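Note: hydrogens, waters and symmetry copies are ignored here, and every other heavy atom, side chains too, is used. None of the values given here were measured: they were computed from a predicted structure. Here is the naming used below: chain letters follow the sequence lines, and residue numbers restart at 1 for every chain.
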Amino acid sequence: MAMTPLEELRHSTAHVMATAVMRLFPEAKLDIGPPTDTGFYYDFDIGHRFTPEDLARIEEAMGKVVGEDQPFVRSEVTREEARKFFEGRGQPYKISRLGDIPEGEAITFYTNGEFVDLCAGTHVASTGRIKAFKLLSIAGAYHRGDERNKQLQRIYGTAFPNREELEAYLHQLEEAKKRDHRKIGREMQLFAFDEDVGPGLPLWLPKGTVIVEELERLAKETEFAAGYDRVRTPHLARESMYITSGHLPYYADSMFPPMTLAAESVPDSQKPRYREEFHREIHAGELTEAKMDRLISLAQEMAKGLPVERYYIKAMNCPHHHKIYKAIPRSYRDLPLRLAEYGACYRYEQSGELFGLMRVRSMQMNDAHIYCTPEQFGEEFNAVNEMYLRYFKLFGIAKYRMRFSTHDPARLGEKFVGEPELWKQTEDMVRRVLADSGIDFIEVPNEAAFYGPKIDVQVWSAIGREFTIATNQVDFAVPKRFGLEYTTAENTKATPLCIHRAPLGTHERFIGFLIEHFAGDFPLWLAPEQVRVLPIADGQMEVARAIERKCRGLALRATVDTSPDKLGAKIRRWQLDKVPYGLVIGKQEAAAGTVSVRSRQKGDEGAMALDAFLERAAMEYRERTLTVAV
RNA sequence: GCCGGCUUAGCUCAGUGGUAGAGCAGCGGUUUUGUAAACCGCUGGUCAUCGGUUCGAAUCCGAUAGCCGGCUCCA
């Protein structure tokens, strides 16, 4: 596969970096050093721990290699020659990589100066062509990306054809950091984390809650129009349900550990009396850590030997929804049945995976399950995809990627339920729906859910990480496990297909994404504060209050700046707070019944009648107008 | 979970073994103000936590927690 000139440059820079590292640390063992979308990396196995100071030293040594203007020379070798060469140099990873090259394919070395690398190429003519590079970070990375393998040290860097482009890229990185939802979320007081609450458990502050509730309203209206029914389910369920669903064996690690309690079958007289004993203990002096330990062992002692049962906090809503399906006998006339809920779920994500709002342990999903017949499937699946696209248009989301995840036949019965026919049928159905609708997508094997193929919509965070923002999944397996059925027109029983869909993902991730997408500059309908009245002096305070009341009468979120500051300061604060409209009220406006409007897009728009402004704002709100440039 | 780094006031950040600082925010007062910062004053920190070294620790060492950059994972 040919590299683009930029990839060639970056890959060559990776070789230069490896050359420099070998000069400084001759004992280093090399793995691989490919280009990436934004730069390059090289993986090293080395006893020394790279430090940020090392990066500067390595950069300096790289500068020397560039100065030596070493030509990159390609040579073909035999497998045996290559193996001997790397054995001689003590490079086990290279020998391992050699094994990846299929028989009959050319084995090539690229040499620059004293540095020789197993490499398919291609490269720039010589190291002197590398004009602008920078090493960015040090990271751990497993050999071949497998957790069971040794962790190597990876150095990330980037390179550009010239200094200017490198500087522009570094500047762009800085700019992206300003969009980071974690920074804006704190500045705008949208959400917060607290150590006592726990990692990955966000608190929605009042302003963030406004956004949450506006999104819920959007979803409810959209889903109502599309024929969904709303349901509500508990946050917990007995272990037995997750055994039925098949989730426990697959996902126990990702769920919070169960709550264990005395079984319902234990007579009351034998059940532990936590209450009295605890009460007595807890109030007998200070509550120390030692005492907590005593109380916990007391509880364990009391429960000892009793039959127990376990409850899990739900990590997904599907099993509960399946139970709602099952609560009532269903006929083909009832299908499709679309059950929607903004369900609260909890997942015990590994600590290192948590990332602001984008990856959390408590979340609310824009979830729904559509139960339908195979004949209805195409139309239903397509309707869900169209709902995605309508939403994306509403939010002005243009940069996304549809991923169609299919199964791997080699892993049937292990990672994927063993129903080869159903896999084929449903994947074909999805592929046909996608083709008919003309949506661009990429197909990725081996990424399906265990119960069926899926379409994920991928977006990128400000700092460039990729996330699934929405999902549309086929499930032909779990309804069967739950014994879901409907009576067909022929009066026989059949199992429905189920579509799991979450076009708005979770509140947490979706809002995290929206914060970055809009850089906090939300369209009016989502803005926590929509209108701020800015009286010039106290003399206009009464009029300002009256305008605030009028706005609120139209459900517009308005406030008055009651500070003793001068207008300039009020405007500045209004601007920094990213409020869509500011209404300046001075003596003239108060007398004329007008407001001087300031908008985020146009700045000072001059005076207009209050009613005219209210009509405009109310319409923007109602229509969910995308008022901001994104 | 793994590798590495970071943690000083609400926020942004100075402070390299010898009495904890600045700007902004907040609070109080004066000013009643016309489109991005009026003026004066005040409050606020167990330097993440615990332990160690030292006559003396924000500063050196260790552990723990949280966060950050990656890896792995992501129903």
Say we look at B/A37 and B/U19: how far apart would their C1' atoms be, to the nearest angstrom? 35 Å
From CD of A/Gln151 over to P of B/U72, roughly how many Å is that when rounded to an integer? 10 Å
If you look at every strand shown and take non-hydrogen atoms under 4.0 Å, does A/Gly539 touch a base, only sugar-phosphate, or nothing? nothing
Relative to each other, are the rings of A/Phe44 and A/Tyr42 parallel, tilted or perpendicular (30° and 60° limits)? parallel
Base, sugar-phosphate, or nothing: which does A/Thr51 touch, judged by heavy atoms less than 4.0 Å apart? nothing
Of the listed nucleotides (B/G1, B/U35, B/G70), which one gets closest to any side-chain atom of A/Gln350? B/G1
Please classify the nucleic acid contact of A/Ala315 as base, sugar-phosphate, or nothing, using heavy-atom distances under 4.0 Å. base
Under a 4.0 Å threshold between the charged nitrogen and the carboxylate oxygen, would A/Asp565 count as salt-bridged to A/Arg572? no
Looking at A/Asp577 and A/Lys207, is there a salt bridge between them, counting it only when a charged N and a carboxylate O are closer than 4.0 Å? no
If I pick the C1' atom on B/C55 and the same atom on B/G17, what distance separates them, to the nearest angstrom? 12 Å
Distance check: side-chain N/O of A/Arg182 vs OP1/OP2 of B/C68, anything under 4.0 Å? yes
Pairs under 3.5 angstrom only: tabulate donor-acceptor contacts from the side chains of residues 185-199 of chain A to other protein residues two or more places apart or in another chain.
from: A/Glu187; atom 1: OE2; to: A/Lys183; atom 2: NZ; distance (Å): 3.0
from: A/Asp194; atom 1: OD1; to: A/Asp196; atom 2: N; distance (Å): 2.7

Picking from B/A75, B/A37, B/U33, which would you name as closest to the side chain of A/Lys587? B/U33
Does OP1 or OP2 of B/G4 have a side-chain N or O of A/Arg49 closer than 4.0 Å? yes
Side-chain ion pair, A/Asp146 and A/Arg148, N-O less than 4.0 Å: yes
Do the charged groups of A/Arg347 and A/Glu353 touch, with an N to O distance under 4.0 Å? no
Without decimals, in angstroms, what is the distance between A/Phe193 CZ and B/C68 P? 8 Å
Where along residues 448-457 of chain A does a heavy atom fall under 4.0 Å from RNA chain B? A/Tyr451, A/Lys454
Of A/Leu576 and A/Ala537, the one whose closest RNA chain B nucleotide lies more 5': A/Ala537
Between the base of B/C3 and the side chain of A/Gln153, is there any donor-acceptor pair under 3.5 Å? no
Between A/His507 and A/Tyr342, what is the ring plane arrangement, given parallel below 30°, perpendicular above 60°, and tilted in between? parallel
Give the nucleotide from the list B/A36, B/G1, B/A75 with an atom nearest to the side chain of A/Glu353. B/G1
Give a yes/no on whether any side-chain N or O of A/Arg573 is located under 4.0 angstrom from OP1 or OP2 of B/A25. no
Any donor and acceptor pair, going by atom type alone, linking the side chain of A/Gln540 with main-chain N or O of A/Ala590 inside 3.5 Å? no
Quiz item: A/Arg359 side-chain donor-acceptor pair to B/C73 base, under 3.5 Å: yes
May I ask you to say what A/Thr471 touches in the nucleic acid, namely base, sugar-phosphate or nothing, with a heavy-atom cut-off under 4.0 Å? nothing
Which one, B/A38, B/G34, B/A75, comes nearest to the side chain of A/Ser254? B/A75
For the pair A/Asp54 and A/Arg57, find out whether any cationic side-chain nitrogen is under 4.0 Å from an anionic carboxylate oxygen. yes
Base, sugar-phosphate alone, or nothing: which one does A/Phe355 contact when heavy atoms must sit under 4.0 Å apart? sugar-phosphate
Just compare B/G34, B/C71, B/A75 and give me whichever is closest to any side-chain atom of A/Leu567. B/G34
Check: protein-nucleotides 8-13 of chain B nitrogen or oxygen pairs below 3.5 Å:
from: B/U12; atom 1: OP1; to: A/Arg186; atom 2: NH2; distance (Å): 3.0

Please figure out whether A/Leu152 or A/Gly356 has its closest RNA chain B nucleotide nearer the 5' end. A/Leu152
Nearest listed nucleotide, side chain of A/Asp565, among B/A38, B/A37, B/U35: B/A38
When you compare B/C68 with B/A36, how far apart are their C1' atoms, in angstrom units rounded to a whole number? 32 Å
Quick one: label A/Gln540 by what it contacts on the DNA or RNA (base, sugar-phosphate, nothing), any heavy atom closer than 4.0 Å. nothing
Would you tell me whether A/Glu529 and A/Thr559 have side-chain atoms, one donor and one acceptor, within less than 3.5 Å of each other? yes
What's A/Ala141 touching, base or sugar-phosphate or nothing? Going by heavy atoms closer than 4.0 Å. sugar-phosphate
Taking donor-acceptor contacts at under 3.5 Å, does the side chain of A/Tyr142 reach the base of B/G70? no
Would you say A/Ser351 places a side-chain N or O within less than 4.0 Å of OP1 or OP2 belonging to B/G1? yes
Examine the side chains of A/Gln458 and A/Thr468 and answer whether a donor and an acceptor come within less than 3.5 Å of each other. yes
Using a 4.5 Å cut-off on heavy atoms from C-beta on, say whether the side chain of A/Leu248 contacts that of A/Met255. yes
Using a heavy-atom cut-off of under 4.0 Å over every strand shown, decide if A/Gly568 touches base, sugar-phosphate, or nothing. sugar-phosphate
Canonical and wobble pairing (Watson-Crick, G-U, under 3.5 Å) of RNA chain B, dot-bracket with |: (((((((..((((....[..)))).(((((.......))))).....(((((..]....))))))))))))....
What residues form a side chain to side chain donor-acceptor pair (under 3.5 Å) with A/Tyr311, not counting sequence neighbours? A/Arg238
For A/Arg465, which contact category applies under a 4.0 Å heavy-atom criterion: base, sugar-phosphate, or nothing? sugar-phosphate
Base, sugar-phosphate, or nothing: which does A/Arg154 touch, judged by heavy atoms less than 4.0 Å apart? sugar-phosphate
Measure CD1/A/Ile469 against P/B/C74 and give the value in whole Å, please. 18 Å
Should the pair A/His500 and A/Tyr451 be assigned to parallel (<30°), tilted (30 to 60°) or perpendicular (>60°) ring geometry? parallel
If you check the A/Pro564 side chain, which of B/U33, B/G1, B/U35 turns out closest? B/U33
Hits for side-chain contact (heavy atoms from CB on, under 4.5 Å) against A/Lys566, two or more places apart or cross-chain, chain-then-number order -> none
Using atom CE of A/Met358 as one end and atom C1' of B/C74 as the other, report the distance to the nearest whole Å. 13 Å
Using the six-membered base ring of B/G70, report whether A/Tyr156 stacks on it, requiring centroids under 5.5 Å and planes under 30° apart. no
